[in-house]
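As the structure is a computational prediction, the values presented were derived from the model and not from experiment.
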Amino acid sequence: MSDHQNAPLVADQSEDLQNLPTCLLVRFGLGRHGFRVALIARNQNRLENLVDELAECGVTAAAFPADIRERDTLAAALTSAAEELGPVDVLEYSPSPTGPITHAAETTVASATAQFELHVLGALTAVQTVLPGMLARGAGTVLLTTGVSSTVPAPFLANVGLAMAGLRNWAHTLHAELHPRGIHVATVTIASGVIPGDALADPDVIGSRYYRLHQQRDRSEEVIGDLAAFRALVADRNDRSVLSTTAD
């Protein structure tokens, strides 16, 4: 293993790099612990600006532009990151939903496929690219981020939840299969917004929870936020929908 640890961070759009769980993981979690960071997303200018910002914070980072829906491009970006920075020690995958988000009865093959390609097939590509090296070394961490709809069914997030639930399921099965071989796979379920100064949702706190999950290799999931509150929100929206339909 190299003297420094390396953590590719895969996001989807430039906006992701301003929100959780992307740059916060770098700024407040992995970066603070000496990781060299490879940033992978579509917007090259934003990536380069973030690399400069991280350098000012003492974090070594490099940009590798790629659209994660283009699987060959994503694999090439991860390969280039390993060649430039060294073997991948931690992979963090966290695209935000893009494209139409559909209600359950309105979900089509096209809308489901778009989210599946983003969340599941992109993750498959990223993991398949870095996993052989991890297995050869007998060490490594994969953190796969999902949203709350991966755990709590929400009719208004149906196609997103369909994909994220699949990703969460795969993360748990990878954990079970790879843990005996020294590879730690876990999923982070985000059920909260980012609230600076909040005891649970402050970006520094959230980034630290990513790092702790990386260290706690027997754990397969970290939930950030209040699942019960989201369940109540879903129930309230369902009730309102029923009342609206009855009134019509």
List the atom of [X], the atom of [Y], and the distance in Å for their closest heavy-atom pair.
X: Arg71; Y: Leu121; answer: NH1-CD1, 3.6 Å
X: Leu144; Y: Ala123; answer: CD2-CB, 4.3 Å
X: Ala63; Y: Glu48; answer: CB-N, 4.4 Å
X: Tyr93; Y: His119; answer: CE2-O, 3.6 Å
X: Leu78; Y: Ala126; answer: CD1-CA, 3.5 Å
X: Ile40; Y: Ala66; answer: CG2-CB, 3.9 Å

How about [X] and [Y]: does a side-chain donor come under 3.5 Å of a side-chain acceptor?
X: His184; Y: Thr141; result: no
X: Ser94; Y: Glu92; result: yes
X: Glu221; Y: Thr189; result: yes
X: Thr73; Y: Asp67; result: no

Going through the distances and angles, do Gln216 and Tyr211 end up as a side-chain contact (heavy atoms from CB on, under 4.5 Å)? CA-CA 9 Å; Gln216 297 168 343; Tyr211 186 75; over 6 Å; no
So does [Y] get a backbone contact from the side chain of [X], meaning a donor-acceptor N/O pair under 3.5 Å?
X: Arg36; Y: Ala61; value: no
X: Asn159; Y: Ala104; value: no
X: Ser150; Y: Thr146; value: no
X: Arg137; Y: Gly133; value: yes

Please report the C-alpha distance between Leu178 and Leu135 in whole Å, then the side-chain angles of each, then the deciding distance to 0.1 Å, and finally whether the side-chain contact (heavy atoms from CB on, under 4.5 Å) criterion is met. CA-CA 9 Å; Leu178 295 177; Leu135 288 170; 4.2 Å; yes
What distance separates [X] [atom1] from [Y] [atom2], expressed to the nearest 0.5 Å?
X: Glu222; Y: Arg219; atom1: CD; atom2: CZ; result: 4.5 Å
X: Thr107; Y: Ile101; atom1: OG1; atom2: CD1; result: 10.5 Å
X: Leu50; Y: Asn43; atom1: CG; atom2: CG; result: 11.0 Å
X: Leu174; Y: Thr187; atom1: CG; atom2: OG1; result: 10.5 Å
X: Thr125; Y: Ile68; atom1: OG1; atom2: CD1; result: 9.5 Å
X: His103; Y: Ser111; atom1: NE2; atom2: OG; result: 11.5 Å

Sub-4.5 Å side-chain heavy-atom contact between [X] and [Y]:
X: Leu213; Y: Arg209; answer: no
X: Val142; Y: Met134; answer: yes
X: His172; Y: Asn169; answer: no
X: Tyr210; Y: Thr145; answer: yes
X: Leu91; Y: Val127; answer: yes
X: Asn49; Y: Leu47; answer: no

Test side-chain contact (heavy atoms from CB on, under 4.5 Å) applied to Leu227 and Thr151, step by step: CA-CA 8 Å; Leu227 293 182; Thr151 304; 4.0 Å; yes
Given Leu39 and Val37, is the side-chain contact (heavy atoms from CB on, under 4.5 Å) satisfied, shown in steps? CA-CA 6 Å; Leu39 298 169; Val37 179; 3.8 Å; yes
If you group Ile, Leu, Val, Met, Phe, Trp and Tyr by side-chain heavy-atom gaps below 4.5 Å, do Ile183 and Leu124 land in one group?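 In one cluster: yes.
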Is Trp170 reachable from Val130 through a run of hydrophobic residues whose side-chain heavy atoms are each under 4.5 Å from the next?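 Yes: a chain of side-chain contacts under 4.5 Å links Val130 to Trp170.
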If you draw a 6.0 Å radius around CD in Glu177, do more than 12 non-hydrogen atoms from other residues or ligands fall strictly inside?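 Result for CD/Glu177: open.
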